[in-house]
Amino acid sequence: MEGIEKITAKIAQDAQAEISRLMAEADEKVGAIQAEARAQAQREAAEIEARGRSAADERLERLSSASQMERRKLELAAKQEVLGEAFALALEKLCTLPEKEYISLLAKLALEASSSGKEQLIFSKKDRASVGKQVVMAANDALVKERAPSLPEEVAKSKVGAFVDKLVHNTTAVVTGTGLTLSEETRDIKGGFIMVDGDVEINCAFETLVRLQREQMEKKVADALFQS
């Protein structure tokens, strides 16, 4: 019986040793699997973080670009508004000049715009009634003086010289046919006039002149107003 017990004990001992070896191998494999799983999880987490960071950076860049574009739009709109106010003020000042200056300016403008000296001037209803005749007279006087010979200063200062000078001017006007006229028609304009010669119209309305000047000067004015 002792021999059987020894054999049984040996078998049990060997079995326990095998079990221990197998469990050790299993623990080792489990540890390796767990380590690989942790490494894979870390890699995936890093990739997810990187993709998230990249997406966040792209989103931020898009938002920044959109913000800058919106800012430029707002700045441009503000500048356009200020420019509009500047030219609106210029128009208002032109239309509210003292009467003497206003007449002088319109007469000079008519003189520059006239080519035949026989055009009609169309004013607003208000200007026709208040300054129309005076502008036409002042412009005609300037047109005649351009065409008439000038008397010596010492002669022109005398009464006879003044009479002769007037006679010369009147004669020149008749001979040359010079004579701007005041039209019965009126137009809905803020200031200035429309010069008409047959089918040809020259728009000398202040709002038109200011608009044309704005188109030509807008960049210069903007540079002056918004120097960095």
Out of curiosity, R128 CZ to E185 CD, how far, rounded to the nearest 0.5 Å? 10.5 Å

Would you say L94 and L121 are hydrophobically clustered, going by side-chain heavy atoms of ILVMFWY under 4.5 Å? yes

In terms of hydrophobic clusters joined by side-chain contacts under 4.5 Å, are L143 and L109 together? yes

Is there a donor-acceptor contact under 3.5 Å from the side chain of T96 to the main chain of E92? yes

State yes or no: do I194 and I103 share one hydrophobic cluster built from I, L, V, M, F, W and Y residues joined by side-chain heavy-atom distances below 4.5 Å, directly or via other members? no

Hydrophobic cluster membership, L105 vs I189, 4.5 Å side-chain cutoff: no

Is any side-chain heavy atom of L106 closer than 4.5 Å to a side-chain heavy atom of F206? yes

Single-linkage hydrophobic cluster, 4.5 Å side-chain cutoff, L111 and V196 together: no

Rounded to the nearest 0.5 Å, how far does CE of M195 lie from CG of N203? 11.5 Å

Would you please test R211 and E207 for salt bridge (Lys or Arg N to Asp or Glu O under 4.0 Å) and show each step? CA-CA 6 Å; R211 176 177 57 78; E207 51 263 55; over 6 Å; no

Nearest 0.5 Å, please: how far is CD1 in I202 from OG1 in T208? 12.5 Å

Working for salt bridge (Lys or Arg N to Asp or Glu O under 4.0 Å), residues R187 and E201: CA-CA 13 Å; R187 295 281 179 90; E201 287 192 2; 2.7 Å; yes

L182 CG to K133 NZ distance, which is reported to the nearest 0.5 Å: 7.5 Å

What distance do L180 atom CG and D141 atom CG have between them, rounded to the nearest 0.5 Å? 11.5 Å

Within the 4.5 Å heavy-atom criterion, are K190 and L91 side-chain neighbours or not? yes

Does any N or O in the side chain of D127 come within less than 3.5 Å of the main-chain N or O of F123, such that one atom is a donor and the other an acceptor? no

Quick one: OH on Y102 to SG on C95, what's the gap to the nearest 0.5 Å? 5.5 Å

Sole residue of S116, S114, S115 in side-chain hydrogen bond (donor to acceptor under 3.5 Å, both in side chains) with D197: S116

pair E101-S104: side-chain heavy atoms closer than 4.5 Å: no

Is the number of heavy atoms from other residues, nucleotides or ligands under 6.0 Å of R71 CZ greater than 12? no

